[in-house]
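Below is one structure, written out as structure tokens; comments come after it.
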Amino acid sequence: KGWLWDSADVSKEERKFLRKLDFTLLTFGTLGMLIKWASTIDTSNITNAFVSGMKEDLNLYQNQYNYIVVSWTVGYIPSNFILTRVPAHSKSCSTKYIGWTVFTFALAGAKSYSHLLALRFVVGLFEAGYWPALYNILGSWHNERELGKRNGILQSAVSIAPIFSGFLQAGIFNSLNGHLGLAGWRWLFSTWSNTSFSPVSYPSTG
């Protein structure tokens, strides 16, 4: 009976509880994954910005693009180390979500190579712990049988998001380049960070 969704085989009270849990944790978790992989944090946005005028505007040269990408990856190291010392909970996911949104928006105002390095590092710092923290909370509330299907949904979001990334970013650049005197690559960061600013709410670990 519960082959499609596991809550069909449980009591009415537990079914109601799982429905509320899925509405909060699964909804916001999937939204976070879609935004993360579609544009806000994935390296696709910095790559598109680089070839859309950022290189010329900020006078970037030689391997500076590679260092900008690496600075984002370096941000993962302290973030994941902290996660081994500080237990994941509802507020940590929300904080990370809001953190990468704020600093992605700040990238739109970058004036130099050093600004990009620092901001990308902080973006990576916030983004890195989001996924592990989310799965920690997910595993705290669901048993093995329930966890598999929810994990499948989150992984589907990871796979689907990049399909739309290039089209969306191209549309933003083509329609907003030069608007209000801002280069298109700056609009890439500001627009996507604004789409990330949605209410985030996660249940605490069980």
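Here L154 contributes atom CG and T30 contributes atom OG1; the two are 4.5 Å apart, rounded to the nearest 0.5 Å.
With sequence neighbours left out, the ring-ring contact (aromatic ring centres under 6.0 Å, His included) criterion links Y67 to no other residue. With sequence neighbours excluded, the residues that form a side-chain hydrogen bond (donor to acceptor under 3.5 Å, both in side chains) with Q155 are Y135. Partners of F173 under the ring-ring contact (aromatic ring centres under 6.0 Å, His included) rule, at least two apart in sequence or in another chain, do not exist in this structure. Partners of I172 according to the side chain to side chain contact (heavy atoms under 4.5 Å, CB included) rule, which considers only residues two or more places apart in sequence or in another chain, are L176, W187, L188, T191, W192. Every residue was checked against the side-chain hydrogen bond (donor to acceptor under 3.5 Å, both in side chains) condition with T27, not counting sequence neighbours, and none meets it. Not counting sequence neighbours, the partners of D57 by the side-chain hydrogen bond (donor to acceptor under 3.5 Å, both in side chains) test are W185. Residues meeting the side chain to side chain contact (heavy atoms under 4.5 Å, CB included) test with Q64, sequence neighbours left out: L60, Y61, Y113. Listed by chain and number, the residues in a side chain to side chain contact (heavy atoms under 4.5 Å, CB included) with A108 are R186, F189, S190 (sequence neighbours excluded). Listed by chain and residue number, Y65 satisfy the ring-ring contact (aromatic ring centres under 6.0 Å, His included) test with F50 (two or more places apart in sequence, or in another chain). With sequence neighbours excluded, the residues satisfying side chain to side chain contact (heavy atoms under 4.5 Å, CB included) with K20 are K16. With sequence neighbours excluded, no residue satisfies ring-ring contact (aromatic ring centres under 6.0 Å, His included) with H115.
Hydrophobic clustering of Ile, Leu, Val, Met, Phe, Trp and Tyr side chains at less than 4.5 Å, counting indirect connections, keeps V69 apart from L125. Cluster annotation: L147 is connected to F17 through the hydrophobic network of ILVMFWY side chains, with a link wherever side-chain heavy atoms come within less than 4.5 Å.
Between D22 and H142, some side-chain heavy-atom pair lies under the 4.5 Å cut-off.
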